[in-house]
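Right, one structure below, let's go through it.
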Amino acid sequence: MKTIVSGIRSTGKLHLGNYFGALRNFIRMQNNADNRCFFFIADLHALTTHPNPAELHPNVQNVLTDFLAAGLDPEKSSIFVQSDVPEVIELYLMLNMHAYLGELEKTASFKDKARKQPENVNAGLLTYPVLMASDILIHNANEVPVGKDQEQHLEMTRRYARRFNNFYGVEYFNEPVAYSDGTEMIKIPGLDGSGKMGKSEGNCIFLSDDEKTITKKVMRALTDEGPKEMNSVKPDYIENLFTFLRVVSTPDVVEYFDEKWNNCEIRYGDLKKQLAADIVKTTLPIRERILEIQSKPEILHKAVTIGAELARESARKTVREVREIMGFKPF
Ligand code: TRP
């Protein structure tokens, strides 16, 4: 039996990058009966950027809706909201005693955020990786499905596990590894010529977008006058369109447009129409379930209630044992 833990920050609706990069893997993993899965919405982590309180809950609600609509199943995995499991905060405090300023300041995500929000370099931002380590270690995970941008955090998680074990002379925490099923973690490109689809890039196609919106977004994708020479190398923004096509379309479609490109006969309008249609084919059933869940909010309530119960059971056990290891004793 393997324990799998992963989380997504609650910054709003999920986009195709989240779906192909993360969510689809979560679903594959939960459907393997040898896995014990915990998937959660990291709303405490979201606090590091000071979200508007009025938006915090709707954001969690949107991510949760997308989780369930895409196929995460509360009967197969524990699906929960991070702040519903307060035990993680206690472990976070304990681990903070073994996390050092020097290493935290050197973390790439911290340096990046400190540059982007110089007016808000708070302690929560600094210890973001410790909270993430707590999320993972509290269930003593073996594997964590995350993208490349989280590798450093995961490495820190392993370091904290090792440090805890060494300091207290125990073999308590596993050293969790990034999950990989052999297939590469797929990165969905932006259609505006940027490398990546992302919330902060403002170039997202959301799972909840309708056909018209998706088509409009795809038709706006950056292109040019087309290749001038046979078999030329594709510029990044055109390669992005092909990367996208490879994810959502069938191989013969990719081959067809590749050939057209190589012959200098490519018509971007045709490619975009095909791409939009194939994206819609993937997202339409999810969108339908999103609408259904939105009309029945009790589905959300039920899912996170059993999800949090399962997560807390596992978390309580860890916190009890960690307290004991650290020398706390009840009177
Ligand atoms: N830091 C992750 C991100 O931004 C989200 C996250 C929080 C997470 N806790 C986690 C991911 C634990 C995996 C495991 O994407």
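Indexing begins at 1, ligand by ligand and atom by atom, following the structure's order. Everything numeric here is computed off the predicted structure, so don't read it as measured data.
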Quick look: Phe38 vs ligand 1, heavy-atom contacts under 4.0 Å, and the answer is neither
Short version for Asp149: what comes under 4.0 Å of ligand 1, heavy atoms counted, is neither
As an exercise, identify every atom of ligand 1 less than 4.0 angstrom from a heavy atom of [X].
X	answer
Tyr128	1 (N), 2 (C), 3 (C), 4 (O)
Arg9	4 (O)
His45	7 (C), 9 (N)
Val146	11 (C), 13 (C)
Val144	13 (C), 14 (C)

Q: Mark yes when over 12 heavy atoms from residues, nucleotides or ligands other than Glu103 sit less than 6.0 Å from its CD; otherwise mark no.
A: yes
Item checked: Over 12 foreign heavy atoms within 6.0 Å of CD, Gln117 -> yes
For ligand 1 and Ser6, I'd like to know whether there is a polar contact (N/O to N/O, distance under 3.5 Å).
no
His153 N/O to ligand 1 N/O under 3.5 Å:
no
Under 4.5 Å between side-chain heavy atoms, counting indirect links through other Ile/Leu/Val/Met/Phe/Trp/Tyr residues: same cluster for [X] and [Y] or not?
X	Y	value
Phe206	Val60	no
Leu245	Met197	yes
Tyr268	Ile214	yes
Val88	Phe80	no

From the list Ile279, Asp278, Val218, Leu271, side chain to side chain contact (heavy atoms under 4.5 Å, CB included) with Phe244 holds only for Ile279
From the list Leu241, Leu191, Ile266, side chain to side chain contact (heavy atoms under 4.5 Å, CB included) partner of Thr223 resolves to Leu241
Open item on the list: Determine whether Arg28 and Asn25 satisfy the following criterion, side chain to side chain donor-acceptor pair (under 3.5 Å), listing intermediate values before the conclusion.
Closed with: CA-CA 5 Å; Arg28 236 189 325 236; Asn25 284 328; 2.6 Å; yes
To atom 14 (C) of ligand 1, the nearest of Leu131, Ile136, Leu137 on a heavy-atom basis is Ile136
Nearest heavy atom to atom 9 (N) of ligand 1, choosing from Asp135, Val5, Thr11, belongs to Asp135
Nearest non-hydrogen protein atom to atom 5 (C) of ligand 1, with distance, is Gly7 O, 3.6 Å
Among non-hydrogen protein atoms, atom 3 (C) of ligand 1 lies closest to Gln150 NE2, 3.3 Å
